[in-house]
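Each chain gets a letter, A, B and so on, in the order its sequence line appears, and its residues count up from 1.
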2 protein chains.
Amino acid sequence: MSGNAAQEAWVLLTELFFADKPRRAAALAELGLAPMQAGALQVLDPERPMPMSALAQGLLCDNSNVTGIVDRLEAAGLVQRRPDEHDRRVKTLVVTPKGAEVRAQVGEAMATPPPALAALPATDARVLRDLLRRALG
Amino acid sequence: MSGNAAQEAWVLLTELFFADKPRRAAALAELGLAPMQAGALQVLDPERPMPMSALAQGLLCDNSNVTGIVDRLEAAGLVQRRPDEHDRRVKTLVVTPKGAEVRAQVGEAMATPPPALAALPATDARVLRDLLRRALG
DNA sequence: TATTGTTATACTCTATAACTATA
DNA sequence: TATAGTTATAGAGTATAACAATA
């Protein structure tokens with residue numbers, strides 16, 4: 001069972017992610033965001049308002065969870081609920097200018113690789129990136 | 001800023017992890033464990049009892065968080081608190097036989113790579129594993 | 001005085017089911 | 001009937017500060 005390279009790689013990746021937990025938490029705390037609030041901002045597109053249900057799908061969670069998350073983003077002035085023009089059951093989420101700013105900061109913080117990756121020789125980094133592009137492509 | 005291979009790789013890895021969230025949640029739900037309970041079981045060593053504080057360190061969280069997590073593991077019969085022999089402030093955590101069983105199941109579930117990784121050609125998987133081994137030392 | 005583990009408090013996230021208003 | 005979003009409820013994790021027992 002231990003002669004599986006993909007499995008070993010996955011375990012190593014899990015360790016890499018877990019070790020990065022404090023850095024992510026600190027970065028989000030500095031922006032005043034809880035994890036799912038940050039995730040929601042990333043899923044939302046400032047240029048393309050989307051319904052609550054689309055956000056739930058993007059966050060891989062239930063519609064009912066999204067209500068509270070959006071409540072808090074709205075209270076922070078980062079997002080607004082707007083009635084949909086065609087279906088009056090739907091509420092469309094608009095990212096405010098301030099929300100777009102914070103969103104960019106979140107994106108930057110989350111895209112910063114942890115030390116172990118940042119320290120990779122350029123060749124290795126490219127090999128890794130290309131391999132992942134192919135795998136997820 | 002976008003010409004950074006390590007950064008792109010990190011973003012792809014984040015996506016890979018995020019997409020795997022439902023699978024992990026389902027696997028743990030089947031074992032009747034919440035995420036941090038599963039993490040605690042992984043950090044604990046059935047052969048080497050450790051203090052609460054060591055578990056907190058392993059979980060990268062505060063001592064106060066561990067109290068509740070261990071309460072629940074103990075209620076489930078997976079772990080026991082035992083007084084330390086040398087320092088009466090310390091409580092030592094012992095994994096029960098049932099705990100060791102569940103721990104192994106958690107380990108197996110978490111080591112299962114997501115589809116995108118499992119589908120890698122053997123050569124790619126080895127390249128990835130070796131690269132990560134080097135990066136994480 | 002410092003440390004281990006607990007308690008208290010307040011907030012966030014999760015899962016489920018019931019509810020409303022629309023369709 | 002079915003769907004979008006909300007509400008209600010209960011459990012779980014988080015951060016912080018205060019606390020008791022022990023060192």
Side-chain angles (χ1 to χ4, degrees), chain A residues 18 21-44 49-76 78-94, chain B residues 18 21-44 49-76 78-94:
Chain A
F18 181 70
K21 197 174 86 165
R23 202 179 53 102
R24 286 197 303 274
L28 294 186
E30 217 164 298
L31 295 171
L33 294 174
M36 287 304 283
Q37 292 166 29
L41 267 189
Q42 296 289 88
V43 169
L44 292 172
M50 68 175 69
M52 305 275 293
S53 54
L55 176 55
Q57 250 191 296
L59 287 174
L60 305 176
C61 73
D62 193 83
N63 278 2
S64 66
N65 299 335
V66 165
T67 298
I69 294 167
V70 169
D71 281 351
R72 294 183 272 277
L73 287 175
E74 201 166 24
L78 306 178
V79 153
Q80 278 182 354
R81 272 180 251 235
R82 217 171 50 184
D84 183 275
E85 304 186 343
H86 303 302
D87 187 335
R88 297 205 311 213
R89 292 172 304 178
V90 172
K91 289 173 188 168
T92 298
L93 298 173
V94 180
Chain B
F18 181 70
K21 196 173 87 164
R23 204 181 52 102
R24 285 198 304 275
L28 294 186
E30 218 165 299
L31 294 171
L33 294 174
M36 288 303 284
Q37 293 166 28
L41 267 190
Q42 295 289 87
V43 169
L44 292 172
M50 69 175 70
M52 304 275 293
S53 55
L55 176 57
Q57 249 191 297
L59 287 173
L60 304 176
C61 73
D62 194 82
N63 278 3
S64 66
N65 299 337
V66 166
T67 298
I69 294 167
V70 169
D71 281 351
R72 295 183 271 276
L73 287 175
E74 202 167 21
L78 306 177
V79 154
Q80 278 182 354
R81 273 180 251 236
R82 217 171 51 183
D84 183 274
E85 303 186 344
H86 303 303
D87 186 336
R88 297 205 311 211
R89 292 172 302 180
V90 172
K91 289 175 188 166
T92 298
L93 297 173
V94 179

Arg72(B) has an atom CZ; how far is it from atom P of dT6(C), in whole Å?
-> 12 Å
Nearest of dT14(D), dT7(D), dC13(C) to any side-chain atom of Pro35(A)?
-> dC13(C)
Round to the nearest Å and state the distance from Arg82(B) atom CZ to dT4(C) atom C1'.
-> 17 Å
Grab the CD-P distance between Gln57(A) and dT3(D) for me, whole Å please.
-> 13 Å
If you measure from CG on Leu44(B) to CG on Leu73(B), what distance do you get to the nearest 0.5 Å?
-> 7.5 Å
Picking from Ile69(B), Val66(B), Asn65(B), what satisfies side-chain contact (heavy atoms from CB on, under 4.5 Å) with Leu55(B)?
-> Val66(B)
Between the two ends of the helix from dT1(C)-dA23(D) to dA23(C)-dT1(D), what is the bend in degrees, rounded to 10 degrees, where each end axis spans five pairs?
-> 10°
Would one find a side-chain N or O of Ser53(A) under 4.0 angstrom from OP1 or OP2 of dT3(D)?
-> no
Whole-Å distance between dA15(D) P and Glu30(A) CD?
-> 15 Å
Let me know the distance between NZ of Lys91(B) and C1' of dT7(C), rounded to the nearest Å.
-> 12 Å
Enter the distance from Asp84(B):CG to Thr92(B):OG1 here, rounded to the nearest 0.5 Å.
-> 4.0 Å
Sorted by chain and number, sequence neighbours left out, side-chain contact (heavy atoms from CB on, under 4.5 Å) with Gln42(B) holds for Arg103(B), Val106(B)
What's the spacing between Arg72(A) CZ and Thr67(A) OG1 if we round to 0.5 Å?
-> 10.0 Å
Take the protein atom CG of Asp84(A) and the nucleotide atom P of dT3(D), then report the distance between them rounded to whole Å.
-> 17 Å
Nearest-nucleotide wise, let me know which of Ala54(A) and Lys21(A) is further upstream toward the 5' end of DNA chain D.
-> Ala54(A)
Closest nucleotide of DNA chain D for Val90(A) versus for Asp71(A): which of these residues is on the 5' side?
-> Val90(A)
Sequence neighbours left out, what passes side-chain hydrogen bond (donor to acceptor under 3.5 Å, both in side chains) with Asn63(B)? Give chain and number order.
-> none
Contacts of Arg23(A) meeting side-chain contact (heavy atoms from CB on, under 4.5 Å) (sequence neighbours excluded), chain-then-number -> Asp20(A), Thr112(A), Pro114(A), Trp10(B)
side-chain hydrogen bond (donor to acceptor under 3.5 Å, both in side chains) filter on Arg82(A), not counting sequence neighbours, yields none
Phosphate oxygens OP1/OP2 of dT14(D): is one of them under 4.0 Å from a side-chain N or O of Arg24(A)?
-> no
Please report the closest heavy-atom contact between Phe18(B) and Leu60(A), naming both atoms and the distance.
-> O-CD1, 3.4 Å
In whole Å, what is the span from the CG atom of Asn63(B) to the C1' atom of dT7(C)?
-> 13 Å
For nucleotides 15-23 of chain C, 5' to 3', base contacts (B), sugar-phosphate-only contacts (S) and non-contacts (-) with protein non-hydrogen atoms under 4.0 Å give BBB---BBS
For atom CE of Met52(B) and atom C1' of dA21(D), their distance in whole Å = 15 Å
